[in-house]
Visitor: 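I have a structure here, written as structure tokens, and I will follow up with some questions on it.
Every chain is numbered from 1 and lettered A, B, ... according to where its sequence line falls, protein lines coming before strand lines. Everything numeric here is computed off the predicted structure, so don't read it as measured data.
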Amino acid sequence: MRAQIDNLLKEALAHFAAERGFTDAYDLDPRLERTRDPKHGDFTSNIALRLSKDLGNPPREIATTLLAFIPKSALIANVQIAGPGFINLTLTSKAYQRELTKILEAGSMYGCSNIGKGQRVLLEYVSANPTGPLHVGHGRHAAYGASLANLLRATGHDVHEEYYVNDAGRQMDILTVSVWLRYLQLLGLDLRFPANAYQGDYVREIAQKVQTTLGEKFVITDHTGLSKLLHADSADSEKLLDLLIAKAKEMLGQEKFSALLKEALSSVLTDIKDDLAEFGVHPQRWYSEHSLTEGGAIDRALKRLEEQKMLDVRDGATWFKATEYGDEKDRVVVRANGAKTYFASDIAYHFEKRERGFDLLLDVLGADHHGYVARVRAGLEAMSEPGDSLEVRLVQFVTLYRGREKVQMSTRSGEYVTLRQLRTEVGNDAARFFYVSRSNDQHLDFDLDLAKARSNDNPVYYVQYAHARVASLLRKMEEEGFRVEHSDMPELTCLTEEAEHTLLVSLSRYPEVLQLAAVNRAPQHLLQYLRGLSANFHSYYNAHRVLVEDAKLRNARITLALGTRQVLHNGLTLLGVTTPDNM
RNA sequence: GCCCCGAUAGCUCAGUCGGAUAGAGCGUCCGCCUCCUAAGCGGAAGGUCAGAGGUUCGAAUCCUCUUCGGGGCGCCA
């Protein structure tokens, strides 16, 4: 709808420009907006105000000239100049009736557009270390990323979703050692378990599984050295972990250590994949960090940097001269001990994404990662890739509440609420909905009690209920022996109530909302809209009877309800929320 | 010290290329509730948009400074 009105104004502007003898010199985008106050009509443009300065004419005069050029249209009832020079357009009721028809014709495609023009987007999100179950923070990343992917697809982007698996590096080694120690304990060895190893029960479960499937493969005969290490009072507990890792590799041998690591990794990863799948999150690819090394991507990236003379050896380590690209300090890519840093994998990974032909690398990261955005961008630029091909959206933290009471969590002790627990408690729908209810760069207070409530205070319930209410109406209609005549569109001209007009206007905004939400990477706009639409529908339902005796009016009202159901369905589906017919 | 995010009604928050009289939900107050199964419905009161300057025809929105709050700054991942 907006696009149609927009075109009319653009046409007028083209005439106007031709008459005044200028063409592309000025910004001639009408920047059509919805009015806030219905007194100002339905749409408004401030183009006359914006042109006024450049043209040296008063805005109202420009507006008057422009107004004469607006083509006649069945969609526009009235055009007025108001205030300092706004052009206000009031639409005909026919325009809204047509839009309702379009909703039902387009069905699940209603609202989709091609503003993305097929841009190839690699959306990376969650990418939690595979060292334990996902917790409620990861849930927010998952819900946000998945909704964003849906929004981008609906607006014509070619989206590829990816989860980066950090399956190399120290954290995996620590997990492996944790599993190994639990495994040895299971087999009766009396060993102390370090406080900073992975504490969760899932470590014991993996150990149990290893023992069941692989038996005593990882048993060691002489464990005095290990025991001694564990009971030594080491001041530096991190150092102890490193020593333990070295000891484990030495005692088991690299091959068995790797086998154990693989077991641990696959257990955790399987759990994460199942968890996300149940949550409606399906990355197309699980990209292994390990494969970066194997595939030579790290070497290619380093070589590229070398060619650009962007590497420097100091103190035995290899540094990337990030400062030359605006970073605050240079960054190590290869440590003095020869190990490549996490940062090296990271720029290699992003470089490799570009090699795969993606236009936009869209990363969803935790707010604690903001520091490395500049680094990775610097890396891309140093490798002659455009810095703005990387876009990062940071997700702030989640705090759980039960009513007024804060739920205490501590990642360190392994006492945190998992995503699975949350989903089990409040359900997938409420979780998906609540997670994207606030802007990603705001802290989120997640109220478990509210999310579970079956009352209108609960926004997800409220919106789903609007959908169910339509279904209920249709059932009732059948019971009463009525039916919708589909032969030709019912006479929507019967929809003359104010509440009906409000609802029609709200429905017609949906495509604009999708674009706004996609462009701003802001699913909460869609959510906010759905709440408003539901409110409009509920008020309408409360004020007016749909299943009236008059067949014409009844058909028109049912059609309006069906349109509402369609838009609610389309919107909720993009957010990963189901649309029940019964509640 | 440097960097990022935030501050809007009693509470939780919308307000996204600057636009006309700043919105919603909850709570409060006042009515209503024999009605398409719907745990309710309608209305009202409620604001120094943290503060101060600036840009602009026009600022909650952009810029600068200040105050307060949250987070981040490793040859960790």
Side-chain angles (χ1 to χ4, degrees), chain A residues 27 29 31 33 35-37 39-40 44-46 49-50 52-53 58-59 82-86 88 128-129 131 166 168-174 238 242 289 314-319 328-329 331-346 366-374 394 396-397 399 401 404 437-445 447 450 453-459 461-462 465 468-470 472-477 479-480 482 516-517 519-522 524-525 527-529 531-532 535 538-539 541-548 554 557-558 561 582-583:
Chain A
D27 176 11
D29 187 338
R31 300 204 199 163
E33 285 177 14
T35 57
R36 205 176 280 172
D37 187 336
K39 268 181 277 182
H40 300 139
T44 185
S45 169
N46 63 1
L49 288 137
R50 286 187 290 115
S52 162
K53 195 185 228 176
F86 291 107
N88 292 340
N129 280 346
T131 53
N166 287 106
R170 182 164 174 266
Q171 294 305 318
M172 281 313 298
D173 288 344
I174 297 172
E238 288 302 314
D242 286 333
E289 179 185 2
R314 292 200 303 266
D315 310 324
T318 306
W319 300 71
E328 55 190 15
K329 53 173 104 167
R331 307 288 172 178
V332 171
V333 285
V334 184
R335 277 187 292 245
N337 65 9
K340 276 129 185 162
T341 61
Y342 179 83
F343 174 61
S345 325
D346 222 65
D368 52 338
H369 283 68
H370 89 84
Y372 90 12
V373 177
L394 299 176
Q396 294 286 344
F397 301 109
T399 311
Y401 282 84
R404 293 225 160 258
S437 63
R438 292 205 63 187
S439 164
N440 54 287
D441 55 27
Q442 299 250 23
H443 290 270
L444 177 70
D445 290 338
D447 185 343
L450 182 61
R454 291 178 53 76
S455 77
N456 288 351
D457 297 344
N458 181 351
Y461 175 90
Y462 188 73
Y465 175 47
R469 210 162 208 183
V470 179
S472 168
L473 267 176
L474 296 178
R475 286 192 296 271
K476 181 77 182 173
M477 184 175 71
E479 267 170 43
E480 295 188 5
F482 297 140
L516 181 75
V519 167
N520 293 300
R521 325 298 190 212
Q524 78 274 12
H525 288 317
L527 186 145
Q528 210 69 30
Y529 165 81
R531 289 180 71 170
H538 286 309
S539 329
Y541 180 93
N542 288 322
H544 304 282
R545 201 180 167 81
V546 174
L547 300 179
V548 291
R554 189 174 66 233
R557 288 185 170 174
I558 279 287
N582 268 303
M583 289 179 73

Visitor: What I want to find out is whether A/Arg475 reaches A/Glu479 closely enough, with some N-O distance under 4.0 Å, to be called a salt bridge.
Guide: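 Salt bridge: no.
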Visitor: So if I take every side-chain heavy atom of A/Asn456 and compare against B/rG40, B/rC13, B/rG70, which nucleotide ends up nearest?
Guide: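 Looking only at heavy atoms from C-beta outward on A/Asn456, the closest nucleotide is B/rG40.
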Visitor: Need the pair for B/rU64. Rule: Watson-Crick or G-U wobble, both distances under 3.5 Å, any strand; none if unpaired.
Guide: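 By the stated definition (distances under 3.5 Å), B/rA52 pairs with B/rU64.
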Visitor: For the residue pair A/Tyr465 and A/His538, does the interplanar ring angle fall in the parallel (under 30°), tilted (30 to 60°) or perpendicular (over 60°) class?
Guide: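 If you compare the ring of A/Tyr465 with that of A/His538, the planes turn out parallel.
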Visitor: Rounded to the Å, how far apart are A/Tyr342 OH and B/rC73 P?
Guide: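 After rounding, the reported distance stands at 13 Å.
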Visitor: Starting at CG of A/Leu516 and ending at C1' of B/rU16, how long is that distance when rounded to a whole Å?
Guide: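 Taking atom C1' of B/rU16 as the reference, CG of A/Leu516 is at 6 Å.
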Visitor: Any side-chain N or O of A/Arg331 under 4.0 Å from OP1/OP2 of B/rC73?
Guide: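 No, no such contact exists.
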Visitor: Could you tell me the separation between the CD atom of A/Gln524 and the P atom of B/rG6, rounded to a whole number of Å?
Guide: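 Distance, rounded to whole Å: 12 Å.
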Visitor: Is any side-chain nitrogen or oxygen of A/Ser472 closer than 4.0 Å to OP1 or OP2 of B/rU37?
Guide: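 Result: yes.
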Visitor: With heavy atoms under 4.0 Å as the rule, sort A/Ser539 into base, sugar-phosphate or nothing.
Guide: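 Since only primed, P, OP1 and OP2 atoms lie under 4.0 Å of A/Ser539, the category is sugar-phosphate.
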Visitor: Please state how far atom CG in A/Leu394 lies from atom P in B/rG71, giving the value in whole angstrom units.
Guide: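 Between P of B/rG71 and CG of A/Leu394: 15 Å.
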Visitor: In this structure, how many angstroms lie between the C1' atom of B/rG6 and the CZ atom of A/Phe397, rounded?
Guide: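 In whole Å, B/rG6 C1' lies 14 Å from A/Phe397 CZ.
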Visitor: Please report the distance, rounded to the nearest Å, between NE2 in A/His369 and P in B/rC76.
Guide: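 Going from A/His369 (NE2) to B/rC76 (P), I get 15 Å.
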Visitor: How close or far is atom C1' of B/rG6 from atom NE2 of A/His370, stated in whole angstroms?
Guide: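 Roughly 13 Å, once rounded to whole Å.
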Visitor: B/rC41 C1' sits how many Å from A/Tyr541 OH, rounded?
Guide: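 My rounded result for the distance is 13 Å.
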Visitor: According to the Watson-Crick and G-U wobble definitions, with both distances under 3.5 Å, which nucleotide is paired to B/rG69?
Guide: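 Its partner is B/rC5.
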